[in-house]
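Below is one structure, written out as structure tokens; comments come after it.
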Amino acid sequence: MLRAVVGWEPSFSARRGFFVLITLLEKELRRAVSAVLPDVEKPDVRVQPCQNPEFGDYQTNSLMSLAKARGLNPRQLACDVKDRLSVQDWCESVEVAGPGFLNFRLRPEAVIHLIATALKGDHLFFTTQSPAQRVVIDFSSPNVAKPMHVGHIRSTILGDCLARVYRLLGHQVITDNHIGDWGTQFGKLIVGWKEQLDTEALERDPLAEMDRLYKDVHQRCENDPALLEQARQELVKLQQGDPENLEIWRRMTSYSQDRFAQLYKRLGVKFDFSLGESFYQPHLEGVVQELLDRGIAQYSEGAVVVFFEDHPELAGQPAIIRKRDGGFNYATTDLATLAYRLENWKPGEIVYVTDGRQQLHFKQVFEIFRRWHPEARIKLTHVWFGAILGEDGRPFKTRSGETVKLSDLLEEAKERAYGVVSEKNPELGESRKQKIAECVGIGAIKYADLLPNRQSDYIFSWDRMLSLNGNTAPYLLYAYTRIRSIFRKLREVDPNASLKVQVDPAKARLAAQEEWVLAKQLLNFGFVLKAVAEDYRPNYLCNYLYDLAGQFAKFYETCPVLKASEEEREVRLALCELTGRVLKLGLETLGIETIERM
RNA sequence: GCACCGGUAGCUCAAUUGGAUAGAGCGUCUGACUACGGAUCAGAAGGUUGGGGGUUCAAAUCCUCCCCGGUGCACCA
């Protein structure tokens, strides 16, 4: 590896597919650590960008924890490892700093090389992960006969985003919408349907009509035991396969699915499967019996229950898998679902995206499943999120106190975005304004949802999410349109300019500070995508894109592109082009569509 | 009562999970050549990270005890 540098000739060809310098450095560091400490198996070494450019471009802190764990002098270890490193292809210096940091300073040639190869389309600063995994992502899960509301939006947007990230990184993703299409609510719904269905209203807005029926019967049941009993009877008949009730159920499901499909289309969300709760009904009896047979479950107070007395966190909180009346509940369904997925799809991981209130439920289900299938090598992950609150800090509701329907929310987003676009850019044609409003409005909602740490509650604010300043979808979309505008203008300024931007790595220089900073930010795209996948946290990507857009804005202010000399223009156009590509792909990965003008 | 999650600038949120000087936006104040889209950019002010104690080279982050808030805890999903 050590060799004289006579004209810079990268050895990347020997490492095809590695376009993330951090990954290369980590690999080389692991090799060096193993050389210094031969008994360390697969050392856990992580490299990250320096937050303070004075220290360098990348740093590792891992040697200090490694030294600590082994009672070594951390600074000495850092020096030893440094001596064994051969990273001169990519770094012009490696320094030991402080108690044992290792700081790397990148060679400009290496950065230029990555810029040039990215322009050619060889990569976009990330690599697919290997080995590829098969991942099932379970999200959205609306209920039949109820309108989707804000409660579903985070699951839908977060789950869709995670699916996109995993796919981008080369994993095989199966998305499955576990629709709530079976359960006790159908007793009341069928009573309402038979008694007072308004067919016109049903045609107009089926979910609103079914919601009305349910609420009406539900309310009357409060002080009408006879009606409640009637609802129970209808439910029993449905469960026993009564043709009339089954037909009503089918129609309700069908109406709901149509309506869900409209919303998903508007949101750009797709599912590979929509296997609802009803799909698993035939399996539930067997699940309970098997858990009883194996001694995992037992009878208690007439119900079938699983206890976790030896489990510190779950002790005293049993899970019911069959009710005293013989009915099953959602724990049973989730267990049957898990078994089905394991057997038919053989995934390496299943990710459940739901709100935080279901934490206990999934802990129980996962624990039962591990007892039931101790041999299964599968990672089960509950990706949970906090609530959406109104500006008063209480659960997000309409003025009249109703939950906000998702379709209304999307429509309002579009209207508000339309207002902003019309004000800023009144000369645009009507259809273009409509298109922009749709993109900006939906994008703003999605972005506002993905930006906060998913585990915290967040306050929903139209003004903030639609602002053109700050960390918002409109700001990022605007940054993208400015880039596109440069390329439109380029053809006016220089009709002969090639549409395909290229740089000559031998001649190109990142002379200005702003160019250098921007280029290095581009390089970190892959690092961030990986972090998003590891922690199931799209907000890392949001923050990365916001930083990228901010660094582009500074570059744009200080480095003229079209007015620059030909030599300068080449590399600046390259930075514009690649920033545009990363912004576009990054936003797409968040589920947000980009536009050329706004 | 038990369990889980949170408390960071006036407000809304970050902080690559133990790293170097805790960062953005809004709001407040001051600036920027007629400006490749000003829907922008630069700068200032603003902090004992709820409080105490501990662990160590290093703590918003880990341990412990309090205070405050949210959520969940046997037949709804």
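Naming: A, B, ... by sequence-line order, numbering from 1 per chain. What's counted below: heavy atoms across the whole structure, side chains too, no hydrogens, waters or symmetry copies.
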**Item:** Nucleotide paired to B/rA9 in any strand shown, Watson-Crick or G-U, under 3.5 Å
**Value:** none
**Message:** With a 4.0 Å limit, can you tell me whether A/Asn73 has a side-chain N or O closer than that to the phosphate oxygens OP1/OP2 of B/rC57?
**Reply:** no
**Request:** Verify the contact: side-chain N or O of A/Lys554 to OP1 or OP2 of B/rA42, cut-off strictly under 4.0 Å; return yes or no.
**Result:** yes
**Prompt:** Nearest to the side chain of A/Glu313 - B/rA3, B/rU12, B/rA14?
**Reply:** B/rA3
**Request:** With heavy atoms under 4.0 Å as the rule, sort A/Val305 into base, sugar-phosphate or nothing.
**Result:** base
**Asked** How far does the P atom of B/rG7 sit from the matching atom of B/rU61, given to the nearest Å?
**Response** 11 Å
**Asked** When we call it a touch if two heavy atoms are under 4.0 Å apart, what does A/Arg488 touch: a base, just sugar-phosphate, or nothing?
**Response** base
**Request:** Indicate whether OP1 or OP2 belonging to B/rU17 is found under 4.0 Å from a side-chain N or O atom of A/Gln48.
**Result:** yes
**Asked** Which nucleotide sits closest to the side chain of A/Tyr478: B/rG38, B/rC73, B/rC36?
**Response** B/rG38
**Message:** One thing to verify: whether A/Arg484 and A/Glu596 come together as a salt bridge, which I'm taking to mean a side-chain N less than 4.0 angstrom from a carboxylate O.
**Reply:** yes
**Asked** On a whole-Å scale, what distance lies between the P atoms belonging to B/rA3 and B/rG43?
**Response** 49 Å
**Prompt:** Counting any heavy atom closer than 4.0 Å, what does A/Lys489 reach on the DNA or RNA strands: base, sugar-phosphate only, or nothing?
**Reply:** sugar-phosphate
**Message:** With rounding to the nearest 0.5 angstrom, report the CZ to CZ distance, A/Phe369 to A/Phe366.
**Reply:** 10.0 Å
**Fill in**
Under a 3.5 Å limit on both distances, the Watson-Crick or wobble mate of B/rC76 is none
**Item:** Pi stacking test for A/Phe101 and B/rG19: under 5.5 Å apart, planes under 30°
**Value:** no
**Message:** Is there, by distance only and without an angle test, a donor paired with an acceptor across the side chain of A/Asn103 and the base of B/rA20 below 3.5 Å?
**Reply:** yes
**Candidate pair A/Leu291 and A/Leu335, rule side chain to side chain contact (heavy atoms under 4.5 Å, CB included), full reasoning** = CA-CA 10 Å; A/Leu291 291 172; A/Leu335 286 165; 4.0 Å; yes
**Message:** Closer than 4.0 angstrom, basic N to acidic O: yes or no for A/Glu313 and A/Lys363?
**Reply:** yes
**Request:** Find which nucleotide of RNA chain B each of A/Cys559 and A/Gly316 is nearest to by heavy atoms, and output the residue with the more 5' nucleotide.
**Result:** A/Cys559
**Prompt:** With the threshold set at 4.0 Å, does a side-chain nitrogen-carboxylate oxygen contact exist between A/Glu234 and A/Lys188?
**Reply:** no
**Asked** So how far is it from A/Leu518 CG to A/Asp547 CG, rounded to the nearest 0.5 Å?
**Response** 11.5 Å
**Message:** Can you identify which nucleotide, out of B/rA39, B/rC75, B/rG72, has its nearest atom closest to the A/Ala303 side chain?
**Reply:** B/rC75
**Asked** Which nucleotide, B/rC36, B/rA74, B/rA20, lies nearest any side-chain atom of A/Ser300?
**Response** B/rA74
**Fill in**
From CZ of A/Arg357 across to P of B/rC73 the rounded distance in Å is 10 Å
**Request:** Mind checking A/Ile320 for me? I need base, sugar-phosphate or nothing, with any heavy atom below 4.0 Å counting as a touch.
**Result:** base
**Message:** Testing A/Thr60, A/Ile22, A/Leu21 one by one against A/Phe104 for a side chain to side chain contact (heavy atoms under 4.5 Å, CB included), which residue passes?
**Reply:** A/Thr60
**Request:** Can you tell me the distance, in whole Å, between the CZ atom of A/Arg464 and the C1' atom of B/rG27?
**Result:** 12 Å
**Request:** Pick the P atom in B/rC65 and in B/rC5, then give their distance to the nearest Å.
**Result:** 15 Å
**Asked** When rounded to the nearest Å, what value does the distance between C1' atoms of B/rU40 and B/rG46 take?
**Response** 24 Å
**Sugar-phosphate, base or nothing in reach of A/Ala564, heavy atoms under 4.0 Å** = nothing
**Message:** Looking at A/Ser65, I'd like to know whether one of its side-chain N or O atoms comes within less than 4.0 Å of OP1 or OP2 on B/rA58.
**Reply:** no
**Between B/rA39 (C1') and A/Asp463 (CG): distance, integer Å** = 16 Å
**Item:** Between B/rU8 and B/rG51 - C1' atom distance, rounded Å
**Value:** 14 Å
**Message:** Once you apply a heavy-atom cut-off of 4.0 Å, does A/Tyr475 come out as touching a base, just sugar-phosphate, or nothing?
**Reply:** sugar-phosphate
**Message:** Does B/rG37 have OP1 or OP2 under 4.0 Å away from a side-chain N or O of A/Asn425?
**Reply:** no
**Asked** Does A/Glu534 pair with A/Arg46 as a salt bridge, N-O distance under 4.0 Å?
**Response** yes
**Request:** Kindly confirm whether the side-chain ring of A/Tyr458 is stacked on the base of B/rC13, judged by centres under 5.5 Å and planes under 30°.
**Result:** no
**Item:** Nearest-neighbour nucleotide for the A/Pro452 side chain, B/rC75, B/rC13, B/rG6 considered
**Value:** B/rC13
**Message:** Here's a test of your reading of the structure: between A/Phe555 and A/Thr184, which maps to the more 5' nucleotide of RNA chain B?
**Reply:** A/Phe555
**Gap in Å between the two C1' atoms, one belonging to B/rC57 and one to B/rA24, rounded** = 30 Å
**Item:** Separation of B/rA77 C1' from A/Tyr214 OH (nearest whole Å)
**Value:** 10 Å
**Message:** What's the closest nucleotide to the side chain of A/Lys68 if the choices are B/rG18, B/rU40, B/rC75?
**Reply:** B/rG18
**Whole-Å distance separating the CD atom of A/Gln59 from the C1' atom of B/rG18** = 12 Å
**Message:** Any N or O donor-acceptor pair under 3.5 Å from the base of B/rU17 to the side chain of A/Arg537?
**Reply:** yes
**Pair A/Asp57 + A/Lys520: basic N to acidic O under 4.0 Å** = yes
**Prompt:** In terms of base orientation, is B/rU40 syn or anti, with the syn window spanning 90° either side of 0?
**Reply:** anti
**Message:** Considering every strand and a 4.0 Å limit on heavy-atom distances, what is the contact class for A/Glu534: base, sugar-phosphate, or nothing?
**Reply:** nothing
**Prompt:** Is A/Arg75 touching bases, backbone alone, or none of the nucleic acid, heavy atoms closer than 4.0 Å?
**Reply:** nothing
**Asked** For atom C1', what is the distance between B/rC2 and B/rA9, given to the nearest Å?
**Response** 36 Å
**Request:** Could you tell me whether A/Asn471 contacts a base, only the sugar-phosphate backbone, or nothing, with contacts defined as non-hydrogen atoms closer than 4.0 Å?
**Result:** nothing
**Item:** Atom P, compared across B/rU16 and B/rG54: separation rounded to whole Å
**Value:** 26 Å
**Item:** Between B/rG7 (C1') and A/Gln455 (CD): distance, integer Å
**Value:** 15 Å
**Request:** Kindly point out which of B/rU17, B/rC26, B/rG37 is positioned nearest to the side chain of A/Arg597?
**Result:** B/rG37
**Request:** Could you check how far OH of A/Tyr58 sits from C1' of B/rU16, rounded to whole Å?
**Result:** 13 Å
**Asked** Can you find a side chain N or O atom of A/Arg482 that sits less than 4.0 Å from OP1 or OP2 on B/rG38?
**Response** yes
**Request:** For the side chain of A/Gln51, starting at C-beta, report the closest nucleotide among B/rG19, B/rU17, B/rA14.
**Result:** B/rG19
**Message:** In terms of relative ring orientation, are A/Phe362 and A/Tyr352 parallel, tilted or perpendicular, with 30° and 60° separating the classes?
**Reply:** tilted
**Asked** Of all the choices, B/rG6, B/rU16, B/rU21, which nucleotide is nearest to the side chain of A/Tyr540 once you look at every atom?
**Response** B/rU16
**Request:** Answer yes or no: side-chain N or O of A/Thr481 and base N or O of B/rA39 forming a donor-acceptor pair under 3.5 Å.
**Result:** no
**Request:** Could you work out which one of B/rU16, B/rA3, B/rC76 sits closest to the side chain of A/Arg46?
**Result:** B/rU16
